[in-house]
Amino acid sequence: MRRLALLGSVLCLALGPIAARAARIVVGRPAPDFHATAFDGTKVALADYRGQVLVLNFWATWCAPCREELPLLDVYYRIQKRFGLRVLAVTTEDSAPMSALKPLSTIVSFQMARRFSGGYGDPKAVPTNYVIDRAGIVRYAAAGAFTLDELNEILIPLLKEPPPPDLVAPASVAAAAP
(Lines give C-alpha, C1' and ligand atoms only; values in the text may rest on other atoms or scores of the structure.)
Protein backbone atom coordinates (compact mmCIF):
# COMPACT_ATOMS: atom_id res chain seq x y z
CA MET A 1 0.00 0.00 0.00
CA ARG A 2 2.83 2.33 0.88
CA ARG A 3 4.51 1.61 -2.49
CA LEU A 4 1.29 2.48 -4.29
CA ALA A 5 1.03 5.80 -2.44
CA LEU A 6 4.67 6.54 -3.21
CA LEU A 7 4.14 5.70 -6.88
CA GLY A 8 1.09 7.98 -6.95
CA SER A 9 3.13 10.81 -5.43
CA VAL A 10 5.93 10.34 -7.92
CA LEU A 11 3.47 10.33 -10.84
CA CYS A 12 1.79 13.49 -9.56
CA LEU A 13 5.15 15.21 -9.26
CA ALA A 14 6.25 14.01 -12.68
CA LEU A 15 3.00 14.81 -14.47
CA GLY A 16 2.23 18.00 -12.56
CA PRO A 17 4.34 20.28 -14.76
CA ILE A 18 2.86 18.72 -17.91
CA ALA A 19 -0.70 19.22 -16.70
CA ALA A 20 0.06 22.77 -15.60
CA ARG A 21 1.63 23.59 -18.96
CA ALA A 22 -1.29 22.09 -20.89
CA ALA A 23 -3.81 23.89 -18.70
CA ARG A 24 -2.47 27.28 -19.77
CA ILE A 25 -3.95 27.01 -23.23
CA VAL A 26 -7.68 26.55 -23.10
CA VAL A 27 -9.99 27.05 -26.05
CA GLY A 28 -12.34 29.90 -25.22
CA ARG A 29 -9.84 31.58 -22.86
CA PRO A 30 -7.32 34.38 -23.52
CA ALA A 31 -4.22 33.25 -25.37
CA PRO A 32 -1.00 33.24 -23.37
CA ASP A 33 1.40 36.00 -24.32
CA PHE A 34 4.44 35.11 -26.37
CA HIS A 35 7.55 36.71 -27.79
CA ALA A 36 9.32 35.50 -30.90
CA THR A 37 12.12 36.50 -33.21
CA ALA A 38 11.28 36.09 -36.87
CA PHE A 39 13.87 34.75 -39.31
CA ASP A 40 14.47 38.34 -40.49
CA GLY A 41 15.22 39.49 -36.93
CA THR A 42 11.86 41.19 -36.34
CA LYS A 43 10.59 40.84 -32.78
CA VAL A 44 6.91 39.93 -32.49
CA ALA A 45 4.52 39.35 -29.61
CA LEU A 46 0.88 38.36 -29.22
CA ALA A 47 -0.09 42.04 -28.90
CA ASP A 48 1.18 42.67 -32.44
CA TYR A 49 -1.63 40.48 -33.78
CA ARG A 50 -4.52 42.07 -31.86
CA GLY A 51 -7.40 42.70 -34.22
CA GLN A 52 -6.18 39.94 -36.57
CA VAL A 53 -6.90 36.22 -36.68
CA LEU A 54 -3.63 34.42 -35.95
CA VAL A 55 -2.63 30.87 -36.80
CA LEU A 56 0.31 30.00 -34.57
CA ASN A 57 1.91 26.96 -36.20
CA PHE A 58 4.67 24.89 -34.59
CA TRP A 59 6.52 22.72 -37.11
CA ALA A 60 9.80 20.93 -37.75
CA THR A 61 11.84 20.31 -40.89
CA TRP A 62 11.93 16.55 -40.24
CA CYS A 63 8.10 16.37 -39.99
CA ALA A 64 6.46 15.12 -43.22
CA PRO A 65 2.95 16.44 -42.35
CA CYS A 66 4.54 19.84 -41.57
CA ARG A 67 6.19 19.95 -44.99
CA GLU A 68 2.79 19.30 -46.56
CA GLU A 69 0.97 21.79 -44.34
CA LEU A 70 3.29 24.79 -44.88
CA PRO A 71 2.47 25.21 -48.60
CA LEU A 72 -1.26 24.92 -47.79
CA LEU A 73 -0.93 27.57 -45.08
CA ASP A 74 1.00 29.78 -47.49
CA VAL A 75 -1.65 29.65 -50.23
CA TYR A 76 -4.44 30.07 -47.69
CA TYR A 77 -2.68 33.05 -46.12
CA ARG A 78 -2.11 34.73 -49.49
CA ILE A 79 -5.84 34.51 -50.21
CA GLN A 80 -7.15 35.47 -46.74
CA LYS A 81 -4.61 38.02 -45.45
CA ARG A 82 -6.70 40.90 -46.78
CA PHE A 83 -9.43 39.79 -44.36
CA GLY A 84 -7.10 39.92 -41.37
CA LEU A 85 -5.49 36.49 -41.33
CA ARG A 86 -1.94 36.24 -40.02
CA VAL A 87 0.29 33.18 -39.70
CA LEU A 88 3.37 32.80 -37.54
CA ALA A 89 5.18 29.51 -38.18
CA VAL A 90 7.59 28.60 -35.40
CA THR A 91 10.17 25.93 -36.14
CA THR A 92 11.33 23.68 -33.35
CA GLU A 93 14.89 23.88 -32.08
CA ASP A 94 15.72 20.44 -33.47
CA SER A 95 15.01 21.53 -37.05
CA ALA A 96 17.64 22.33 -39.66
CA PRO A 97 20.17 25.10 -39.02
CA MET A 98 19.08 28.67 -39.68
CA SER A 99 21.25 28.87 -42.80
CA ALA A 100 19.13 26.10 -44.33
CA LEU A 101 15.85 27.62 -43.14
CA LYS A 102 16.29 31.20 -44.37
CA PRO A 103 15.68 30.34 -48.06
CA LEU A 104 12.33 28.83 -47.06
CA SER A 105 11.32 32.10 -45.42
CA THR A 106 11.75 33.88 -48.76
CA ILE A 107 9.33 31.44 -50.42
CA VAL A 108 6.43 31.61 -47.96
CA SER A 109 4.52 34.84 -47.52
CA PHE A 110 3.97 34.68 -43.76
CA GLN A 111 6.39 35.23 -40.89
CA MET A 112 8.54 32.39 -39.69
CA ALA A 113 10.27 32.35 -36.31
CA ARG A 114 12.78 30.18 -34.55
CA ARG A 115 13.22 31.80 -31.15
CA PHE A 116 9.95 31.61 -29.24
CA SER A 117 9.05 32.05 -25.59
CA GLY A 118 5.71 32.12 -23.87
CA GLY A 119 3.06 30.03 -22.24
CA TYR A 120 2.78 27.46 -25.02
CA GLY A 121 5.26 24.98 -23.63
CA ASP A 122 7.21 22.67 -25.85
CA PRO A 123 4.86 21.01 -28.33
CA LYS A 124 4.90 17.25 -27.86
CA ALA A 125 3.85 16.72 -31.47
CA VAL A 126 4.29 18.67 -34.67
CA PRO A 127 2.61 20.23 -36.35
CA THR A 128 0.69 21.82 -33.50
CA ASN A 129 -1.64 24.69 -34.34
CA TYR A 130 -3.35 27.36 -32.30
CA VAL A 131 -5.89 29.78 -33.72
CA ILE A 132 -6.30 33.04 -31.84
CA ASP A 133 -9.18 35.33 -32.72
CA ARG A 134 -9.18 39.12 -33.15
CA ALA A 135 -9.79 39.65 -29.43
CA GLY A 136 -6.92 37.37 -28.35
CA ILE A 137 -9.06 34.35 -27.44
CA VAL A 138 -7.86 30.83 -28.29
CA ARG A 139 -10.43 29.35 -30.65
CA TYR A 140 -8.55 26.19 -31.71
CA ALA A 141 -5.69 24.17 -30.24
CA ALA A 142 -4.63 20.80 -31.59
CA ALA A 143 -1.74 18.72 -32.84
CA GLY A 144 -2.00 17.63 -36.45
CA ALA A 145 -1.82 19.22 -39.86
CA PHE A 146 -4.72 21.29 -41.16
CA THR A 147 -6.68 20.27 -44.23
CA LEU A 148 -8.26 22.88 -46.47
CA ASP A 149 -11.71 21.95 -45.15
CA GLU A 150 -10.54 22.43 -41.55
CA LEU A 151 -8.99 25.80 -42.35
CA ASN A 152 -12.23 26.96 -43.93
CA GLU A 153 -14.37 25.60 -41.10
CA ILE A 154 -12.26 27.20 -38.38
CA LEU A 155 -11.04 30.42 -39.98
CA ILE A 156 -13.82 31.72 -42.24
CA PRO A 157 -16.25 32.42 -39.35
CA LEU A 158 -13.46 34.15 -37.40
CA LEU A 159 -12.40 36.24 -40.36
CA LYS A 160 -16.02 37.41 -40.74
CA GLU A 161 -16.11 38.66 -37.14
CA PRO A 162 -15.47 42.38 -36.69
CA PRO A 163 -12.46 43.58 -34.72
CA PRO A 164 -13.04 44.26 -31.01
CA PRO A 165 -14.69 47.65 -30.37
CA ASP A 166 -11.58 49.05 -28.68
CA LEU A 167 -9.67 48.57 -31.96
CA VAL A 168 -12.21 50.31 -34.17
CA ALA A 169 -11.50 54.02 -34.64
CA PRO A 170 -14.49 56.23 -33.81
CA ALA A 171 -16.17 57.73 -36.91
CA SER A 172 -15.16 61.26 -35.92
CA VAL A 173 -11.48 60.25 -35.68
CA ALA A 174 -11.61 58.26 -38.91
CA ALA A 175 -13.26 61.18 -40.72
CA ALA A 176 -10.61 63.59 -39.43
CA ALA A 177 -7.73 61.41 -40.62
CA PRO A 178 -6.05 62.64 -43.82
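Remember, predicted model here, so these are calculated numbers, not experimental data.
R86 contributes no side-chain N or O that, together with a main-chain N or O of Y49, makes up a donor-acceptor pair within less than 3.5 Å. The closest donor-acceptor contact from the side chain of R114 to the backbone of T37 lies at 3.5 Å or more, if one exists at all. Side-chain N or O atoms of E150 include one that pairs as donor or acceptor with a backbone N or O of T147 at under 3.5 Å. Although no hydrogens or angles enter the test, the distance criterion places no donor-acceptor pair under 3.5 Å between the side chain of R115 and the main chain of A38.
Atoms CH2 and CE, on W59 and M112 in that order, are 4.0 Å from each other to the nearest 0.5 Å. Note that CG of D122 and OG1 of T128 are 9.5 Å apart. Values are rounded to the nearest 0.5 Å.
A pairwise comparison of heavy atoms in D133 and R139 identifies OD2-NH1, 2.8 Å as the closest pair. Between F39 and A113, the shortest heavy-atom contact is CE1-C, 3.5 Å. Closest of all the heavy-atom pairs between Y120 and P32 is OH-O, 2.8 Å. Here the shortest heavy-atom pairing between G84 and R134 reads CA-NH1, 4.1 Å. What you find for V126 and A60 is that their closest heavy atoms are CG2-CB, 4.0 Å.
Ring geometry for F110 versus Y77: interplanar angle over 60°, hence perpendicular rather than tilted (30 to 60°).
Screening residues 40-65 for salt bridge (Lys or Arg N to Asp or Glu O under 4.0 Å) gives R50-D166 as the qualifying pairs, with residues at least two apart or on separate chains.
Judged as a side chain to side chain contact (heavy atoms under 4.5 Å, CB included), and not counting sequence neighbours, the contacts of E69 are N57, L73, P127, N129, A145, F146. Listed by chain and number, the residues in a salt bridge (charged side-chain N to carboxylate O under 4.0 Å, His left out) with D33 amount to none (sequence neighbours excluded). With sequence neighbours excluded, the residues that form a side chain to side chain contact (heavy atoms under 4.5 Å, CB included) with P30 are I137. In this view, I156 and Y76, Q80, N152, K160 satisfy the side chain to side chain contact (heavy atoms under 4.5 Å, CB included) rule, not counting sequence neighbours.
For the side-chain contact (heavy atoms from CB on, under 4.5 Å) with I132, the lone residue among V53, L46, L88 that qualifies is L46.
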Going through the checks in order, is the side-chain contact (heavy atoms from CB on, under 4.5 Å) test met by L72 and L148? CA-CA 7 Å; L72 173 64; L148 179 57; 4.3 Å; yes

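No side-chain heavy atom of V138 sits less than 4.5 Å from a side-chain heavy atom of V26.
Other residues, nucleotides and ligands place no more than 12 heavy atoms under 6.0 Å from the CD atom of E153. Open room surrounds CZ on R29; 12 or fewer heavy atoms of other groups in view lie less than 6.0 Å from it.
The other members of the hydrophobic cluster of V75, by chain and number, are I79 (side-chain heavy atoms under 4.5 Å, ILVMFWY only).
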